[in-house]
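Here the structure is a predicted model, which is why all the values come from computation and not from measurement.
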Amino acid sequence: LITRDITERNQAELAIRNTNAFLSALLNNVPVIVCWKGLDLKYLGANKQFLELAGLKSEEELIGKSDQEIWGEPFGQEFNTVDMEVLRTG
């Protein structure tokens with residue numbers, strides 16, 4: 001029988017859950033629209049204000065989608081152009 005003390009791991013996981021809950025509450029209660037994307041310009045998440053603006057009911061409807069899929073044209077391409085410039089210039 002091999003045993004291992006996972007107390008530190010459990011404490012670290014709890015700290016991550018608490019931090020995620022805090023950040024989610026913060027982002028959903030600031031009076032601004034917030035979203036974030038990966039380097040492939042696909043959405044990774046957003047706050048509730050963004051979801052409402054986009055007409056989405058949940059973050060799951062957003063994650064993995066492009067601007068074209070969410071906003072259509074011409075807005076999708078315009079947003080991509082701005083994002084690519086930000087990535088290029090930092």
Side-chain angles (χ1 to χ4, degrees):
L1 178 68
I2 298 174
T3 61
R4 196 168 38 168
D5 184 359
I6 59 169
T7 303
E8 283 185 37
R9 179 181 176 163
N10 288 341
Q11 289 172 342
E13 289 174 355
L14 178 60
I16 290 169
R17 282 194 301 276
N18 288 340
T19 298
N20 287 343
F22 170 77
L23 291 174
S24 179
L26 178 67
L27 288 172
N28 284 320
N29 288 289
V30 294
V32 295
I33 294 168
V34 179
C35 69
W36 50 99
K37 300 176 186 176
L39 293 175
D40 61 357
L41 303 181
K42 303 281 184 166
Y43 286 98
L44 298 175
N47 68 354
K48 68 181 180 181
Q49 290 83 346
F50 180 95
L51 296 175
E52 289 172 10
L53 179 67
L56 303 174
K57 293 182 176 83
S58 71
E59 212 173 26
E60 287 73 29
E61 293 179 78
L62 176 73
I63 294 173
K65 294 197 175 150
S66 68
D67 283 317
Q68 287 84 354
E69 292 172 287
I70 298 300
W71 306 109
E73 293 302 342
F75 300 111
Q77 186 55 48
E78 290 177 26
F79 294 154
N80 271 351
T81 300
V82 170
D83 290 343
M84 288 187 293
E85 181 66 13
V86 169
L87 289 173
R88 187 181 70 76
T89 61

Just checking L23: does its CG atom have more than 12 heavy atoms from other residues, nucleotides or ligands closer to it than 6.0 angstrom?
yes

Any side-chain heavy-atom pair of L26 and N47 under 4.5 Å
no

Under the side chain to side chain donor-acceptor pair (under 3.5 Å) test, which residues partner E69, sequence neighbours left out?
S66

CG-SG distance between L62 and C35, expressed to the nearest 0.5 angstrom
7.5 Å

Just distance, no hydrogens or angles: give the donor-acceptor pairs under 3.5 Å from side chains in residues 82-90, sequence neighbours left out.
| from | atom 1 | to | atom 2 | distance (Å) |
| --- | --- | --- | --- | --- |
| D83 | OD2 | K37 | NZ | 2.3 |
| E85 | OE1 | R88 | NE | 3.2 |
| E85 | OE1 | R88 | NH2 | 3.3 |
| E85 | OE2 | R88 | NH2 | 2.8 |
| T89 | OG1 | E85 | O | 2.9 |

Same cluster (ILVMFWY, side-chain, under 4.5 Å), L51 and V34
no

Side chain to side chain, D67 and L41, heavy atoms closer than 4.5 Å
no

Taking all heavy atoms of K65 and all of E61, pick out the closest pair and write down the distance.
NZ-O, 2.9 Å

Sub-3.5 Å donor-acceptor pair from the side chain of K42 to the main-chain atoms of G38, do we have one?
no

Looking at P31, is its backbone amide N or carbonyl O close enough to the side chain of Q49 to form a donor-acceptor pair, meaning the two atoms are under 3.5 Å apart?
no

Contacts of T81 meeting side chain to side chain contact (heavy atoms under 4.5 Å, CB included) (sequence neighbours excluded), chain-then-number -> Q77

I'd like to know if L44 and L27 are part of one continuous hydrophobic network [Ile/Leu/Val/Met/Phe/Trp/Tyr, side-chain heavy atoms within less than 4.5 Å].
yes

What pairs of residues pass the ring pair (Phe, Tyr, Trp, His ring centres under 6.0 Å) test when at least one of them lies in residues 8-53, not counting sequence neighbours?
Y43-F50, F50-W71

Show me the pairs that pass salt bridge (charged side-chain N to carboxylate O under 4.0 Å, His left out) and involve residues 1-11, at least two apart or across chains.
R9-E13

F75 CZ to Q68 CD distance, which is reported to the nearest 0.5 Å:
13.0 Å

Tracing side-chain contacts under 4.5 Å among Ile, Leu, Val, Met, Phe, Trp and Tyr outward from I63 reaches none

